Amino acid sequence: QVPLVESGGGSVQAGGSLRLSCGFSGRTFSTYSVGWFRQAPGKDREFVAGISRSGDMTNYRDSVRGRFAISRDNAGSTVYLQMNSLKTEDTAVYFCAAVQGAIATRVMGDRRLYQWWGQGTQVTVST
């Protein structure tokens, strides 16, 4: 059973905001590094943001830096992705992924490193 479940997706107008959640059902959530990825129709899955086990280190793709914020609540076993100033090009299915242990921020975008993936949540941004 996949221990990751995303929620919070939906439809929003350009300029609006959404907050995605990624719930973890296993134990020892604080030992996992977590990333958010997205995949638009006909495109490869791409890295959006990543966060270290304690939450003290983060990384973002350039196109979302300053608009999106990743955070985590280890006590609640949840990672969040706050998305502001949404653009139509942010439309995609968003996935969270987790890997046990520490990974360097410079490689958070390498999806091959992640052990677990959620089922995804759709985000649609319209004009």
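Computed from heavy atoms alone, side chains included, the values below leave out hydrogens, waters and symmetry copies. In this text, all values refer to a predicted model and were calculated from it rather than measured experimentally.
Counted within 6.0 Å of CD on Gln13, heavy atoms from surrounding residues, nucleotides or ligands total 12 or fewer; the atom is thus considered open.
For the atom pair OG1 (Thr31) and CD (Gln100), the distance works out to 4.0 Å, reported to the nearest 0.5 Å. For the atom pair OG of Ser77 and CZ of Arg72, the computed distance is 9.0 Å after rounding to the nearest 0.5 Å. With rounding to the nearest 0.5 angstrom, the SG atom of Cys96 is 12.5 Å from the CD1 atom of Ile51.
Side-chain atoms of Arg19 do not come within 3.5 Å of backbone N or O of Met83 as any donor-acceptor pair. Remark: side-chain polar atoms of Gln122 are not paired, donor with acceptor, to backbone N or O of Gly10 under 3.5 angstrom. Between the Asn74 side chain and the Arg53 main chain, a donor and an acceptor come within less than 3.5 Å of each other. A donor-acceptor pair is defined here as one N or O able to donate and one able to accept, closer than 3.5 Å; such a pair exists between the side chain of Ser33 and the backbone of Gly101. A donor-acceptor contact shorter than 3.5 Å is absent between the side chain of Glu6 and the backbone of Ser21. At distances below 3.5 Å, not a single donor-acceptor pair connects side-chain atoms of Gln82 with backbone N or O atoms of Phe68. When atom types are taken as modelled, the side chain of Thr121 and the backbone of Gly9 share a donor-acceptor pair closer than 3.5 angstrom. Under the 3.5 Å distance criterion, the side-chain polar atoms of Tyr94 are left unmatched by any main-chain donor or acceptor of Leu81. Judged by distance alone, with hydrogens and angles left aside, the side-chain atoms of Thr91 form a donor-acceptor pair with the main-chain N or O of Val125 at under 3.5 Å.
In this structure, Trp36 and Leu20 have side chains that are in contact, with non-hydrogen atoms separated by less than 4.5 Å. Proximity of Lys87 to Arg67: side-chain heavy atoms (C-beta onward) are separated by under 4.5 Å at one or more points. The shortest side-chain heavy-atom distance between Val34 and Phe24 does not fall under the 4.5 Å cut-off.
Scanning both residues, Ser85 and Ser17, for their nearest heavy atoms gives N-OG, 4.3 Å. Among all heavy-atom pairs drawn from Thr105 and Thr58, the shortest one is CG2-O, 4.2 Å. Residues Val64 and Val48 approach most closely at CG2-O, 3.6 Å, considering heavy atoms. The shortest heavy-atom contact between Phe29 and Val79 is CZ-CG2, 3.4 Å.
In terms of hydrophobic clustering, with Ile, Leu, Val, Met, Phe, Trp and Tyr side chains grouped at heavy-atom distances under 4.5 Å, Leu18 and Tyr80 are assigned to different clusters.
Checked against the 6.0 Å centroid criterion, the rings of Tyr60 and Phe47 do not qualify as a close aromatic pair. Proximity of the aromatic rings of Trp117 and Phe37 is defined here by a centroid distance below 6.0 angstrom, and this criterion is met.
Salt-bridge annotation for Arg65 and Asp62: present, with a side-chain N of the basic residue lying under 4.0 Å from a carboxylate O of the acidic one.
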Could you walk me through whether Glu46 and Arg38 satisfy the side chain to side chain contact (heavy atoms under 4.5 Å, CB included) test, starting with their C-alpha distance in whole Å, then the side-chain angles of each, then the deciding distance to 0.1 Å, before giving a yes or no? CA-CA 5 Å; Glu46 63 183 20; Arg38 67 186 181 187; 2.7 Å; yes

Pair Val99-Trp116, side chain to side chain contact (heavy atoms under 4.5 Å, CB included): steps then yes or no: CA-CA 7 Å; Val99 55; Trp116 299 103; over 6 Å; no

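Relative to the ring axis of Phe95, Arg45 places its NZ or CZ within 45° and under 6.0 Å from the centre.
Donor-acceptor pairing under 3.5 Å is lacking for the side chains of Asp73 and Thr78.
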